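Per chain, numbering begins at 1; letters A, B, ... match sequence-line order. Everything numeric in this text was worked out from a predicted model, so none of it was measured.
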Protein chains: 2
Amino acid sequence: MNHYPSSIRKVITSFNKLPGIGLKTAERLAMHLLSAPEPEVLELARSIGELKKTIQLCSQCFALSDSGLCRICGNPARDRTTICVVENQADMVAIEKSGAFAGLYHILQGLLSPMDNIGPDDIRIRELLSKIEKGGVREVIIATGTNVEGEATASYISDCLTRYSVTITRIASGVPVGGELKYVDQVTLKKAMEARHAV
Amino acid sequence: MNHYPSSIRKVITSFNKLPGIGLKTAERLAMHLLSAPEPEVLELARSIGELKKTIQLCSQCFALSDSGLCRICGNPARDRTTICVVENQADMVAIEKSGAFAGLYHILQGLLSPMDNIGPDDIRIRELLSKIEKGGVREVIIATGTNVEGEATASYISDCLTRYSVTITRIASGVPVGGELKYVDQVTLKKAMEARHAV
């Protein structure tokens, strides 16, 4: 590291902090940037710098969005009677990619985890319930992962929902037990979506 | 990709252009940045943005540097009678890491390659010769890679140098034939450096 000028060293250090980027890869990326076209390098810097400034949460589903309402909630073609509850943005994207769902989402931004002091108030369950209270929703699909926290959260949400007249379904098996949704292949996700069962 | 807001999509696209970063990895990195501490993200953006602005070539050896003179050329402890000729910065860093060399470098910034229209005038051979003409240099170690272009360049440089009263040496075998210096382990590089032979 000491063999590089400080401006290159800074880039290497920053890259090295990213997940899965070791020192060798960070060095290779920095050297690539030095020989890459200037606009490409500046676009990378600008897009990273702007990321946190422009991104906000959708006021309806809490997906990451450039504006107050995300593209799915703002799309009149989506089925507003079905809500799919997922842990995070990556899981939502995985389901969108499978193409098996045309309704709206509710992104919890986390899972229940008493060990980490994460309770129902921390993961937007109250917002989900008030959405159901407003009426118009016929089915809630709980599509949290099948690991311990995912199952516990699914179970808690389905308990909360029993007092409303909505069908509560859970994404079907097919998703490997203990796995995280974002790593599942699209066909498996589609099958799991189609075979969802009543809780 | 269409499932992400445009500011995230821009980051993914930019990351995806880097060598060895596929779409999945680019997505993972972008999602990581969203949850990473703000100063860390801004530091990454800033360091990349500044990279091309602050970096320049050392006036003596043409290494990448933050100022007009690199830290090796500016170091009075380095042996000024020996010059090691390398293809690029990464090769120089590899030799520095091996710790087997205490002299100065001359970075060609390329190799002879008639197919790509790269001739002697494109890779700073003239600057090397005028450095030798000024006197004070006793040995030139040619440490270009052992692939075809590296050997051709080494051969051309040693031909040019025969008219001066300097010892011309070539980095020793030990470096795998057809390989590039920057990927060689440090012990092998050290052995190769110690066993250098007269051309």
Side-chain angles (χ1 to χ4, degrees), chain A residues 1-15 17-21 24-25 27-36 38 40-56 58 63-67 70-72 88-90 92-97 182-183, chain B residues 1-15 17-21 24-25 27-36 38 40-56 58 63-67 70-72 88-90 92-97 182-183:
Chain A
M1 278 287 281
N2 286 329
H3 310 296
Y4 290 104
S6 75
S7 51
I8 300 182
R9 222 156 50 221
K10 278 181 197 161
V11 173
I12 296 176
T13 309
S14 287
F15 270 131
K17 282 183 185 156
L18 298 177
I21 308 269
K24 276 258 170 191
T25 308
E27 280 184 41
R28 195 162 46 83
L29 292 176
M31 297 317 279
H32 167 82
L33 288 182
L34 280 168
S35 55
E38 179 118 19
E40 199 176 304
V41 178
L42 293 181
E43 171 58 21
L44 174 64
R46 211 194 51 73
S47 64
I48 296 172
E50 293 291 305
L51 186 60
K52 290 242 183 188
K53 277 184 224 151
T54 57
I55 212 74
Q56 46 182 297
C58 170
L64 298 166
S65 169
D66 288 323
S67 56
C70 77
R71 297 200 308 166
I72 292 174
N88 54 36
Q89 181 88 8
M92 185 205 88
V93 169
I95 293 178
E96 276 298 290
K97 280 182 184 167
K182 58 189 161 198
Y183 302 123
Chain B
M1 279 286 282
N2 285 329
H3 311 296
Y4 291 105
S6 74
S7 52
I8 301 182
R9 221 155 53 221
K10 277 181 199 160
V11 173
I12 296 176
T13 310
S14 287
F15 270 131
K17 282 182 185 154
L18 299 176
I21 308 269
K24 277 258 170 189
T25 308
E27 280 184 40
R28 196 162 46 84
L29 291 177
M31 297 316 278
H32 166 83
L33 288 182
L34 280 169
S35 55
E38 179 119 16
E40 198 175 304
V41 178
L42 293 181
E43 171 58 21
L44 173 64
R46 211 193 51 73
S47 63
I48 295 172
E50 293 291 306
L51 186 60
K52 290 243 183 186
K53 276 183 226 151
T54 56
I55 212 76
Q56 45 182 297
C58 170
L64 298 165
S65 168
D66 288 325
S67 57
C70 76
R71 297 200 306 167
I72 291 174
N88 55 36
Q89 181 88 9
M92 185 205 87
V93 169
I95 293 177
E96 277 297 291
K97 280 182 183 166
K182 58 189 162 198
Y183 302 123

Item to check | B/Tyr4 to B/Glu27 - nearest heavy-atom pair and separation | outcome: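 So the two residues come closest at OH-OE1, 2.8 Å.
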
Checklist entry - Are any side-chain N or O atoms of B/Lys52 and backbone N or O atoms of A/Ala36, one a donor and one an acceptor, separated by less than 3.5 Å? => result yes

About how many Å separate [atom2] of [Y] and [atom1] of [X], when rounded to the nearest 0.5 Å?
{"X": "B/Leu64", "Y": "A/Met31", "atom1": "CG", "atom2": "CE", "result": "5.5 Å"}
{"X": "B/Leu18", "Y": "A/Thr25", "atom1": "CG", "atom2": "OG1", "result": "11.5 Å"}
{"X": "A/Ser7", "Y": "B/Gln56", "atom1": "OG", "atom2": "CD", "result": "9.5 Å"}

Report which part of [X] has an atom under 4.5 Å of a heavy atom belonging to chain A: side chain, backbone, both, or neither.
{"X": "B/Leu42", "answer": "side chain"}
{"X": "B/Ala63", "answer": "neither"}
{"X": "B/Ile72", "answer": "neither"}

Option in [options] with maximal non-hydrogen atom pairs under 4.5 Å from chain A:
{"options": "B/Glu50, B/Met92, B/Gln89", "answer": "B/Gln89"}
{"options": "B/Lys24, B/Arg46, B/Glu40", "answer": "B/Glu40"}
{"options": "B/Thr54, B/Ile8, B/Leu51, B/Ile21", "answer": "B/Leu51"}
{"options": "B/Leu29, B/Leu34, B/Leu33", "answer": "B/Leu34"}

Checklist outcome for this item: Applying side-chain hydrogen bond (donor to acceptor under 3.5 Å, both in side chains) to B/Ser6 and not counting sequence neighbours gives A/Asp66

